[in-house]
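The structure appears below as C-alpha cells.
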There are 2 protein chains.
Amino acid sequence: MANRGQSRKTLLRALREVFEAKGFDGTTLTQLAESTGLGKASLYHHFPGGKGEMAAVLLRGSVAELEQLAFARLAGRLPPRQRLENFIDGFSDYVSGGEGNCLVAVLSDGSSGSEHRELIAQQFHEWIRRLAATFEDAGAKPKRAERLANDLLAGLYGHLLTARLVGEPGQFKKHLKNMKKRLPG
Amino acid sequence: MANRGQSRKTLLRALREVFEAKGFDGTTLTQLAESTGLGKASLYHHFPGGKGEMAAVLLRGSVAELEQLAFARLAGRLPPRQRLENFIDGFSDYVSGGEGNCLVAVLSDGSSGSEHRELIAQQFHEWIRRLAATFEDAGAKPKRAERLANDLLAGLYGHLLTARLVGEPGQFKKHLKNMKKRLPG
DNA sequence: GTCTATACACCGATAGAC
DNA sequence: GTCTATCGGTGTATAGAC
C-alpha cells in the first residue's frame, strides 16, 4: 500500500503502525507486507526471526523513543514543574496526541508479551523512579512523590485508553491540559 | 482442563477467563475448549455464531456486571463521597483487585472491536455522566465534576494497566486506596 | 533484496454419529 | 449435548529463481 523499498527507518515505521493498531496477535504478515510494500519473503530478509523479531525490534525502538521524547525531559536545570509539563507534552507527542498508542503497552499483552514482560517491568520501574525524583525536586516528600509519579503515569495511560473507549481520542489532549494545570511546583 | 459440563454461568466464566487473558485475536477455539472442558463442536451448540458470538455475549455480561458491581452504587441516599468509595471498591471487585482485567476494554480493540465500538462508547458516555452527577452532588460545579469523573475513570483503568506493566498487579489496590483518600465530599 | 511458489500447521467452522 | 473427524482457509515461514 505504501513506502516502496526505502530506508530501514521508513520500513520500521510502517511495521509499527500495523502492530500499534492491531496488536501482536491481530497483526498478520499479509498486513505487514501491504503496509511496507514488500513481499512476505522480503520481510524475512530484514527480520529472519519473523513476526516475533519485528515486534522485538519495534519494542526496543519504542522504548528508546519514549525515553527520548518524554522521560529525558525530566532531566536538566529547568524548574521541576516545567520539566514535568515538558514530559507530559513529550508523552503526548509519543502517542500522536491520543490518535496513536503506546507500542510498549500494546506488546505487553498477547502471545508476544511473555518474552518482553521482564524488560518492560524493569523499564517502567526506572521511569517511575525518575518521575518520583522530579516530584521530590518540586518539594514533595518521598512517599508523596512516589504516589504522584504513579498517578501521573496511570493518568496518562488511563486517559489514552478512555479517550479511545468513548470514541473521542482527541479528548486526550484536553485531559492532559488539565493534568498539567494541577501539577505541583 | 476444568468445569466439566455445568451450568451456562460456569461455562461463561470459563470462556471469559480466556478472552480476558488473551484478548479476542489471541484466543483460539482450542483454548476455549480446554478451558470449558467441552469439544469445539459443543461450543457451537451453545454459540452457533462461534467465537464472535461468544465474545458478544461475554461483552454484554461484563457490561452488566460492571454496572451492577460498580456504577449502580453511585445511586442511593448515602453521602456522595461514600457512594464514590463504594463505586471504586465495586470496580476493584470487578477486576479482581487488579489480578484480572476489564473485558469491555479488552474487547474494544482487536478484530472484534469494530462491531462493539459504538455500544461501548455510548455506555461509557452514560457512565461518565453518572459519575459527574455524583461529583456534583458532592459540591463540584458541572465543568469540574466532568473533569473529576474523567480523571477518576482514567485513574482506575490507568492504574489497572500500569500495575500490570510493572509486574505488580497487587499494587492496584494500594493505588485505589490513595484515590479514595483524595475524593471530594 | 525482492520476488513467486509453496510447505505445513493451525485456525474457525461444519457434518454427522451417538 | 457431546463427541470424532474433517473441511476450506489462512497463518507463519521457507525454497529458490532473478
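Each chain gets a letter, A, B and so on, in the order the sequences are listed, and its residues count up from 1. Bear in mind that the values here come from a model prediction, so they are computed numbers and not experimental data. Just the heavy atoms: all of them, side chains too, but no hydrogens, waters or symmetry mates, feed the values below.
Look at CZ on B:Phe19: it is 9 Å from P on C:dG12, rounded to the nearest Å. Remark: P of D:dT2 and CG of B:Leu43 are 9 Å apart, rounded to the nearest angstrom. One can place CD of B:Glu34 at 16 Å from C1' of C:dG12, the figure rounded to the nearest angstrom. One atom, CG of B:Leu38, and another, P of D:dT4, lie 12 Å apart when rounded to the nearest Å. Summarising the geometry, the separation between OH on A:Tyr44 and P on D:dT12 is reported as 7 Å, rounded to the nearest angstrom. Following rounding to the nearest Å, A:Leu32 (CG) and D:dT10 (P) show an atom-to-atom distance of 17 Å. Remark: P of C:dC11 and CZ of B:Phe24 are 14 Å apart, rounded to the nearest angstrom.
B:Ser111 comes within 4.0 angstrom of no nucleic acid atom, judged by non-hydrogen atoms across all strands. Residue B:Ser42 is in base contact, counting any heavy-atom pair closer than 4.0 Å across all strands shown.
Donor-acceptor pairing under 3.5 Å is recorded for the side chains of B:Gln122 and B:Glu118. For the residue pair A:His125/B:Glu168, the side-chain donor-acceptor check at 3.5 Å is satisfied.
Only one option out of B:Leu58, B:Thr10, B:Thr27, B:Leu38 pairs with B:Leu15 in a side-chain contact (heavy atoms from CB on, under 4.5 Å); it is B:Leu58. Of the residues A:Leu153, A:Val63, A:Leu74, the one that meets the side-chain contact (heavy atoms from CB on, under 4.5 Å) test with A:Trp127 is A:Val63.
Here the closest heavy-atom approach between residue A:Ala14 and residue A:Ser35 is recorded as O-OG, 2.9 Å.
Closest approach to the A:Lys40 side chain among D:dA13, C:dC3, C:dG12 is made by D:dA13 (side chain taken as heavy atoms from C-beta onward). Proximity note for A:Thr30 (side chain, C-beta onward) versus C:dC3, C:dA13, D:dG11: the nearest is D:dG11. Of all nucleotides listed (D:dA13, C:dA15, C:dG12), C:dA15 comes nearest to the side chain of B:Ala41. Nearest to the side-chain atoms of A:Leu29 among the listed nucleotides D:dT2, C:dT14, D:dA13 stands D:dA13.
Under the 6.0 Å cut-off for aromatic ring centres, A:Phe124 and A:Phe71 do not qualify, their centroids lying 6.0 Å or more apart. Taking the six-membered ring for Trp, B:Tyr94 and B:Phe87 have ring centres at least 6.0 Å apart.
Side chains of A:Leu66 and A:Phe91 form a contact here, defined as non-hydrogen atoms less than 4.5 Å apart.
Contacts between residues 45-56 of chain B and DNA chain D, counted as heavy-atom distances below 4.0 Å, involve B:His45, B:His46.
Residues forming a salt bridge (Lys or Arg N to Asp or Glu O under 4.0 Å) with A:Asp137 (at least two apart in sequence, or on another chain): A:Arg83.
Axis angle, first five pairs versus last five pairs of the helix from C:dG1-D:dC18 to C:dC18-D:dG1: 0°, rounded to 10°.
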